[in-house]
Amino acid sequence: MKTGRLVPDPEKAAFWLLAGFLVFMSAVLAFFTPRTEMLDEISLFNPVYTFVQTGKMTYPAHGFFNSMVPHPPTHYLIIGLLIRLGIPYFYALTLPSFLLVLGIIAMLRRGPFSFPTRLGLLAGLAAPFFVGVFVINVQSLRPDYTLALAWYAGLIALERGRLQGWHKGWLLGGSMLMTLAASLHYFAFPALAGAGIYLLWAWKELGWRETLRRGKFVVAGGLLVGLPFLLGFVLPNFREILGQVLSKGAAEGGGRSVAAHWNMYEMFHITFPAIDELLLPGIPLFLIGMGLLALSAQTRALALGGTPLLLFIFFFAPLKSAGYFLPEMFVLFAGIWLMVFSIIDGLARKRGWVKTAGWMSFFVVFVLVTNGISDNATALKREFSWKARTSEMDLARACTRQILGNEAKVAGKLGLWYIGGGAVWHDLTAEFLVREDLAGWEEKEYFARFDAIAEHNARSNYSLSRQQKTISSCYADGTLHLRGFYATHNGFTDSDLSALLFSANSDSLVEGFAFPGQDEVLHLAPDPQGSMVFYSFVADLDQDWQEWRREAAFYNVLFLPDPAQEPGQEDFQAREAVVWVIMDKEKFNALVQKSPPINSTLDLIFLKSEKIFQNDLLQELKVSDRTIIFER
């Protein structure tokens with residue numbers, strides 16, 4: 001009987017090392033770290049909420065009481081269905097994208113792909129973990145990450161089908177995935193053309209008779225996903241959809257979209273300095289990625305099939321967010337690493353180093369994975385936890401309902417509809433913020449209709465009226481009075497969950513809650529002998545007031561409109577802001593002496609603190625909350 005050592009396969013080892021890194025990072029970000037819930041998420045949660053509560057998907061917080069057209073509803077419908085199946089929102093949100101990552105790994109593990117191609121396409125998925133500006137998309141309610149993964153998976157499935165003799169099942173699955181991607185956002189509609197390009201490629205390789213036999217599976221895949229989308233959403237809402245697309249500037253296209261594309265590259269430089277070298281030739285990154293993929297016979301059709309979506313985003317999407325660039329980053333990373341592994345493999349095999357070629361690639365993957373873990377180690381170490389996660393939106397709502405009671409009527413802007421705590425929600429944008437002229441308008445009488453008016457920093461200085469009136473300016477001039485607050489540690493001024501509650505009644509008792517990010521929440525109530533301080537003041541943004549931010553336990557701002565600017569200028573255009581902080585009384589006293597407020601003080605309230613377990617607040621919310629009524 002012969003015995004011997006088992007010699008590991010370096011190619012398998014390299015593949016599974018990279019795949020393991022991708023699964024680990026995707027799982028940690030999706031399920032085991034807290035989520036920074038920004039304006040888009042707390043706003044776009046509204047259609048998910050209405051579907052879960054009523055069975056019909058609408059977006060009443062945005063003024064769409066009978067439909068959901070600001071985005072296509074597909075992504076939000078999937079999440080809503082998962083919640084209805086019993087999966088908590090925190091996990092339902094990221095489960096579809098995580099499953100797509102697993103699916104892409106499974107597709108690449110076997111099949112006709114060469115080792116360099118398999119590793120290169122797999123490395124494309126690593127882009128969000130190296131270009132840090134994309135990490136938030138992995139956790140976001142926006143459909144961008146799921147869209148990019150579905151599109152990338154569709155291209156890989158179609159390419160696998162082509163390489164396996166135009167396999168019917170892979171053509172069907174690839175077409176379904178491409179159509180799914182196209183149904184997730186309006187800018188992704190051109191992804192459908194990618195499946196059409198594969199039909200043209202089949203005609204070139206097989207002739208028209210065989211293409212008809214195989215191509216019907218591409219068409220069938222598109223119809224299985226696309227027909228319900230077309231009949232159930234596009235046709236009934238076509239006019240509104242067209243209005244949404246045109247409002248985003250798609251008809252303008254051209255120079256404005258191209259300029260926006262290059263401007264976004266500048267933002268990527270913050271977390272991906274290597275972009276400077278890639279941009280030196282003056283070539284858009286997606287062309288570099290697609291060009292590199294086109295050099296390989298195994299990915300040439302894939303490169304061509306992905307081009308329609310990337311060209312459309314480049315030329316016809318002037319209002320771009322970072323998530324629009326995820327498809328581009330996938331193909332850029334895939335193209336670069338495909339070339340690296342192809343060169344290693346080719347040079348080693350040319351010299352007869354067949355086994356060495358695999359080990360050299362394994363070493364490169366090891367370095368890549370090590371750098372990826374190192375780049376994210378600090379955040380992972382600080383934020384990773386095995387404990388069950390919940391959305392902080394629920395905690396914010398639980399706290400504001402403690403302040404206002406279970407039957408409050410609350411007014412505010414889009415982002416506050418849920419965390420504002422109201423049983424009844426009234427959006428005052430049309431009546432107050434975008435009304436052209438407020439002359440003779442009775443502000444106090446208007447605000448007295450509500451139990452509270454909610455505001456947070458996002459777009460807090462946005463106004464279209466001649467008088468440049470905002471909720472923040474009404475607080476600064478004394479029209480509105482502080483009623484309560486919710487403060488979170490998460491993100492400082494970037495956190496859209498921190499909010500102030502106002503009242504037209506100057507005699508309202510002020511109380512609030514502050515979430516340090518642990519299991520407990522601080523309930524803060526007025527007490528002249530209290531050890532904590534709530535302090536708000538008006539500050540000039542061009543002067544040094546950052547020490548208040550550094551010393552505060554909780555900090556946020558409400559931007560104020562600038563009368564010298566045109567109506568509609570917001571946030572980063574502001575010159576003044578209402579700064580509000582919560583801090584230890586001793587630190588406050590020391591800081592007042594060292595760095596007194598530059599302008600006027602608004603509120604100074606001494607507070608006592610009491611710790612409450614967040615699970616108790618969430619459980620009470622679950623028992624007492626009811627479906628929000630949205631006033632038209």
Side-chain angles (χ1 to χ4, degrees), residues 26 29-30 35-52 57-59 61-62 64 67-83 87 89-101 103-104 125 127-128 133-155 176-192 194 225-226 228-230 232-234 237 241 244-245 247-248 250 306 309-310 312-313 317 319-330 391 393 414:
S26 299
L29 288 171
R35 182 171 299 133
T36 302
E37 292 167 320
M38 307 291 281
L39 179 62
D40 274 353
E41 179 158 348
I42 60 180
S43 303
L44 289 166
F45 178 57
N46 188 234
V48 177
Y49 174 86
T50 58
F51 175 75
V52 172
M57 181 162 289
T58 58
Y59 199 173
H62 205 337
F64 294 90
S67 63
M68 164 58 181
V69 296
H71 288 183
T74 312
H75 178 65
Y76 310 99
L77 179 62
I78 293 170
I79 294 170
L81 289 170
L82 290 173
I83 295 173
I87 299 174
Y89 167 71
F90 187 93
Y91 302 105
L93 188 154
T94 49
L95 183 60
S97 57
F98 181 71
L99 292 177
L100 281 168
V101 170
I104 292 171
L125 288 178
V133 72
F134 293 115
V135 166
I136 193 171
N137 294 98
V138 179
Q139 303 175 303
S140 174
L141 178 56
R142 285 184 60 89
D144 304 340
Y145 186 53
T146 303
L147 185 161
L149 288 170
W151 171 80
Y152 195 58
L155 288 173
M176 290 177 67
L177 285 164
M178 295 290 276
T179 310
L180 173 63
S183 74
L184 292 174
H185 209 312
Y186 298 125
F187 74 81
F189 280 3
L192 290 171
V225 177
F229 180 70
L230 179 67
F233 173 65
V234 176
N237 301 288
I241 293 170
Q244 286 291 314
V245 173
S247 71
K248 304 301 181 185
L309 173 62
L310 297 172
F312 184 87
I313 293 173
L319 299 179
K320 309 173 201 278
S321 64
Y324 285 40
F325 289 75
L326 279 164
E328 183 169 1
M329 290 296 129
F330 283 168
S391 168
M393 285 190 294
L414 172 61

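In this text, all values refer to a predicted model and were calculated from it rather than measured experimentally. Residue numbers run from 1 in the order of the sequence given. What you see below is based on every heavy atom in this structure, not just the backbone, and it leaves out hydrogens, waters and symmetry mates.
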- Item | Working for side chain to side chain contact (heavy atoms under 4.5 Å, CB included), residues His62 and Ser43 | CA-CA 8 Å; His62 205 337; Ser43 303; over 6 Å; no

- Centres of the Tyr76 and Phe51 rings: under 6.0 Å? no

- Message: For Phe229 and Val234: C-alpha separation, side-chain torsions, deciding distance, then whether side chain to side chain contact (heavy atoms under 4.5 Å, CB included) applies.
- Response: CA-CA 7 Å; Phe229 180 70; Val234 176; 3.5 Å; yes

Atom pair [atom1] ([X]) and [atom2] ([Y]), whose distance is rounded to the nearest 0.5 Å:
| X | Y | atom1 | atom2 | answer |
| --- | --- | --- | --- | --- |
| Met57 | Asn46 | CE | CG | 10.0 Å |
| Ile79 | Thr74 | CD1 | OG1 | 11.0 Å |
| Leu326 | Asp144 | CG | CG | 7.0 Å |
| Arg142 | Leu93 | CZ | CG | 12.5 Å |
| Phe330 | Tyr145 | CZ | OH | 5.0 Å |
| Met393 | Tyr49 | CE | OH | 11.5 Å |

Taking all atoms of both residues into account, what is the closest heavy-atom pair of [X] and [Y], and its distance?
| X | Y | result |
| --- | --- | --- |
| Pro327 | Tyr324 | CD-O, 3.5 Å |
| Ala188 | Ala181 | CB-O, 3.4 Å |
| Ala92 | Ile83 | CB-CG1, 3.9 Å |
| Thr50 | Thr58 | OG1-O, 2.9 Å |
| Gly154 | Leu177 | CA-CB, 3.6 Å |
| Thr94 | Phe90 | OG1-O, 3.8 Å |

- Message: Contact between Phe233 and Ser183 at the side-chain level, heavy atoms closer than 4.5 Å - yes or no?
- Response: no

- Query: Is the shortest heavy-atom distance from the side chain of Thr146 to the side chain of Ile78 under 4.5 Å?
  - Reply: no

- After noting the C-alpha distance and the side-chain angles of Met178 and Leu192, does the key distance pass the side chain to side chain contact (heavy atoms under 4.5 Å, CB included) rule? CA-CA 6 Å; Met178 295 290 276; Leu192 290 171; 5.8 Å; no

- Residues Tyr186, Val69; criterion side chain to side chain contact (heavy atoms under 4.5 Å, CB included); working and verdict: CA-CA 10 Å; Tyr186 298 125; Val69 296; 4.0 Å; yes

